[in-house]
Every structure is written in C-alpha cells, then in structure tokens.
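Along the sequence shown, residues are numbered consecutively beginning with 1.
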Amino acid sequence: MAMFAMMTLTVQAQKNNATAPVYDKVEVMPEYPGGMMAMMEFMMKTMKYPKEAEKQQLQGRTLVSFIVEADGSVSNLDVMQSSHPILDKEALRVVGLMPKWKPGRQKGKAVRVSFVVPVTFALN
C-alpha cells in the first residue's frame with residue numbers, strides 16, 4: 001500500500017503581475033485556507049501514488065517550489081529537488097490543484113511570495 005508523508009513548508013507567492021518582485025519572507029506570510037494541517041490533508045487526499053512508481057518500488061522526496069500570487073493563486077511550479085520524474089510529476093500535479101491561498105502581505109499590500117513544499121513518497 002502506498003503512503004505519503006508530508007513535511008513542513010518554506011515560502012513563495014503572486015501570479016497577476018509577473019514583473020512584481022517575489023519575496024522569500026514578508027511581514028505576513030501567505031496561508032493555505034485552513035492552515036498547514038488543512039494543506040497536508042488536501043495533499044494526502046488528492047495524491048495518487050503513480051502505478052508505475054509503485055510497480056518499480058520508487059520512493060523519495062520531491063521539493064516543489066511555487067509562488068503564491070498577490071491574488072492567492074499558485075503559479076510558477078518547479079521541481080527544486082527531484083526524487084524521480086514519475087513522482088515529481090504527481091507532486092507538481094497536486095500542488096497545481098491547490099485552492100487560492102490567503103496572500104502574503106508586506107507594508108499592508110498583498111505581494112508575491114515563494115514557497116517550497118517537500119513531498120515524500122513512501123511505500124509500506
């Protein structure tokens with residue numbers, strides 16, 4: 001049976017204005033609707049262990065970076081650290097399906113913030 005373990009996040013945000021700066025840290029960090037536990041639940045519920053990965057007994061940790069845009073949407077998904085292309089593809093798919101976040105704020109203004117999500121794929 002496939003099992004997913006989630007780690008904590010780092011940060012990234014905004015898509016509306018691609019020329020606007022992207023912050024690593026802001027006064028008020030972006031927040032997934034319902035908080036980190038809700039995000040982990042969403043990812044666990046949405047992820048499907050790729051059949052080919054299960055067949056090949058592939059496991060590992062993929063780091064997905066993305067931007068939380070000023071409007072709360074997720075953009076610019078990228079694999080920062082690959083575990084295997086099959087697993088990376090699934091991690092990107094799920095992060096891309098996230099609902100809008102509460103955007104990060106700097107000096108009272110919604111801004112783009114970068115995030116990194118580690119996704120661990122494990123078979124038991």
Side-chain angles (χ1 to χ4, degrees):
M1 170 177 247
M3 173 186 238
F4 297 100
M6 296 299 300
M7 311 297 276
T8 53
L9 303 177
T10 329
V11 171
Q12 247 187 82
Q14 187 174 359
K15 167 183 158 191
N16 305 5
N17 185 353
T19 61
V22 176
Y23 295 85
D24 290 326
K25 293 182 182 180
V26 290
E27 295 165 351
V28 178
M29 292 302 288
E31 184 178 325
Y32 183 87
M36 291 310 219
M37 290 302 292
M39 184 194 70
M40 290 171 42
E41 289 173 22
F42 165 81
M43 293 186 76
M44 297 280 288
K45 185 172 64 171
T46 308
M47 285 223 191
K48 297 179 175 83
Y49 213 99
K51 291 188 186 315
E52 186 60 28
E54 201 167 357
K55 181 179 173 184
Q56 293 181 38
Q57 297 290 296
L58 298 175
Q59 301 183 82
R61 184 172 153 216
T62 298
L63 295 180
V64 178
S65 68
F66 58 96
I67 294 175
V68 176
E69 297 291 339
D71 69 356
S73 62
V74 173
S75 72
N76 296 29
L77 283 71
D78 191 32
V79 174
M80 284 186 64
Q81 178 182 316
S82 174
S83 55
H84 188 281
I86 295 171
L87 299 176
D88 299 346
K89 183 178 176 182
E90 178 62 5
L92 287 169
R93 182 189 75 81
V94 172
V95 171
L97 292 173
M98 284 184 179
K100 284 191 173 187
W101 291 48
K102 181 178 177 184
R105 300 188 81 72
Q106 185 71 16
K107 297 181 181 176
K109 181 182 174 190
V111 295
R112 305 173 78 198
V113 182
S114 64
F115 253 89
V116 177
V117 179
V119 181
T120 302
F121 293 87
L123 297 166
N124 53 348

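When all heavy atoms of Pro33 and Ala38 are compared, the pair lying nearest together is O-CB, 3.5 Å. Between Ala110 and Ala70, the closest heavy-atom pair is CB-O, 3.5 Å. Between Ala53 and Tyr49, the shortest heavy-atom contact is CB-CE2, 4.0 Å. In terms of heavy atoms, Gly104 sits closest to Val26 at CA-CG2, 4.2 Å. Between Met39 and Met98, the shortest heavy-atom distance links the atoms SD-CE, 3.6 Å.
Here the CG-CE distance, from Leu63 to Met80, works out to 6.5 Å after rounding to the nearest 0.5 Å. Between the CE atom in Met44 and the CE atom in Met37 there is a gap of 9.5 Å [rounded to 0.5 Å]. Here Arg61 contributes atom CZ and Asp88 contributes atom CG; the two are 12.5 Å apart, rounded to the nearest 0.5 Å. The distance from atom CZ of Arg93 to atom CE of Met47, rounded to the nearest 0.5 Å, is 8.5 Å. To the nearest 0.5 Å, atoms CG (Asp78) and CD1 (Ile67) are separated by 10.0 Å. Going from atom CG of Leu92 over to atom CG of Leu87 covers 11.0 Å, rounded to the nearest 0.5 Å.
The aromatic rings of Phe42 and Tyr32 are tilted relative to each other, their planes meeting at an angle between 30° and 60°.
When side chains are defined from C-beta on, Phe121 does not count as touching Leu58, because their heavy atoms never get closer than 4.5 Å. In this structure the side chain of Asn76 reaches within 4.5 angstrom of the side chain of Arg112, judged on heavy atoms. Residues Met43 and Val95 form a side-chain contact, since some pair of their non-hydrogen atoms from C-beta on lies under 4.5 Å apart.
With respect to the salt-bridge test (charged N to carboxylate O, under 4.0 angstrom), the residues Glu54 and Lys51 do not qualify.
Without hydrogens or angle criteria, Glu90 side chain to Lys48 main chain gives a donor-acceptor distance under 3.5 Å. Judged by distance alone, the side chain of Gln106 and the main-chain N or O of Glu27 form a donor-acceptor pair under 3.5 Å.
Cluster annotation: Val74 is connected to Met36 through the hydrophobic network of ILVMFWY side chains, with a link wherever side-chain heavy atoms come within less than 4.5 Å.
Residues passing the salt bridge (charged side-chain N to carboxylate O under 4.0 Å, His left out) test with Lys100, sequence neighbours excluded: Asp71.
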